[in-house]
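Inspection log for the structure reproduced underneath, given as structure tokens.
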Amino acid sequence: MRWPWSRKPKVEPTIPEGAVRKRLCYSGKVQAVGFRFTIDGCADEAGVTGWVKNMDDGTVLCEVQGTPKQVAHFMDLVQQQIDSPKTWIEGGLASAEYVDPKPDTRFSILNL
């Protein structure tokens, strides 16, 4: 029997075969509106790994990694949230570039 408070086995970070990683920068009204948490939810739904953080210049920067299909799905989910009238988010994708994949195990919200 495994108790709920038992330690989970440590998962070593890996780079899955065929993984791509994109660095995405969002600008506009994307800070103080729950955008990082929205991105975290989209990452969970799309099954990608990586991170997101607020930048000093008012933008939000994130890196997402997964299959090309997962990354595209993530970007679609984020855009749907930006376009939704149910959020305070008023911004958009300012830049996107491919970067080298890195060993990851999950998606994280980082502090400055």
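All residue numbers refer to positions in the sequence shown, counting from 1. Source: prediction; values computed, not measured.
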Counting C-beta onward and ignoring hydrogens, is there a side-chain heavy-atom pair between Leu24 and Met75 closer than 4.5 Å?
yes

Can you measure from CG (Leu77) to CG (Asp44) and round to the nearest 0.5 angstrom?
10.5 Å

Do Ile39 and Val60 have side chains that get closer than 4.5 Å, going by heavy atoms?
yes

Cluster link Val52 to Ile89, ILVMFWY, side chain under 4.5 Å:
yes

Taking Ser84 for its side chain and Lys86 for its backbone only, find out whether a donor-acceptor pair lies under 3.5 Å.
yes

Greater than 12 external heavy atoms within 6.0 Å of Glu17's CD:
no

Please determine whether residues Val64 and Ile109 belong to a single hydrophobic cluster, defined as Ile, Leu, Val, Met, Phe, Trp and Tyr linked transitively by side-chain heavy-atom distances below 4.5 Å.
yes

What is the ring orientation for Phe35 with Tyr26, classed by angle as parallel under 30°, tilted 30 to 60°, or perpendicular over 60°?
perpendicular

Can you tell me how far the CD atom of Gln79 sits from the CG atom of Leu93, to the nearest 0.5 Å?
7.5 Å

Shared hydrophobic cluster for Phe107 and Leu110 (ILVMFWY, side-chain gaps under 4.5 Å)
no

Heavy-atom distance under 4.5 Å between the side chains of Arg21 and Asp104, does that happen here?
yes

Give a yes or no answer on whether the side chain of Asp57 reaches the backbone of Thr59 with a donor-acceptor pair at less than 3.5 Å.
yes

Inter-residue atom distance Trp51.CH2 - Arg106.CZ, 0.5 Å rounding:
14.0 Å

Would you say Asp76 and Gln80 are linked by a side-chain donor-acceptor pair, where the criterion is simply a distance under 3.5 Å?
no

Interatomic spacing from CD1 in Ile82 to SG in Cys42 - rounded to 0.5 Å
9.0 Å

With the side chain counted from C-beta on, respond yes when Val33 and Thr87 share a heavy-atom pair under 4.5 Å apart, and no when they do not.
no

May I ask you to check whether over 12 heavy atoms, not counting those of Asp100, lie within 6.0 Å of atom CG?
no

When you measure from the side chain of Gln81 to the backbone of Val78, do you find a donor-acceptor pair of N or O atoms at a distance under 3.5 Å?
no

Any side-chain heavy atom of Gln31 within less than 4.5 Å of one from Arg36?
no

Please check if Phe37 and Val48 belong to a single hydrophobic cluster, counting links between Ile, Leu, Val, Met, Phe, Trp and Tyr side chain heavy atoms closer than 4.5 Å.
yes

Hphob cluster co-occupancy, Phe74 + Tyr98, side-chain heavy atoms under 4.5 angstrom
yes

Hey, are the side chains of Leu61 and Arg23 touching, using non-hydrogen atoms and a 4.5 Å cut-off?
yes

Go through it in stages, so that I can follow the logic: the residues are Val99 and Glu63, the test is side-chain contact (heavy atoms from CB on, under 4.5 Å), and I'd like the CA-CA distance, side-chain angles, deciding distance and then a yes or no.
CA-CA 9 Å; Val99 293; Glu63 285 190 7; 4.2 Å; yes

Spacing of NE2 belonging to His73 relative to OG1 belonging to Thr67, to within rounding of 0.5 Å:
10.5 Å

Counting N and O atoms only, with roles assigned by atom type, does the side chain of Gln65 sit under 3.5 Å from a partner on the main chain of Val20, one being a donor and the other an acceptor?
no

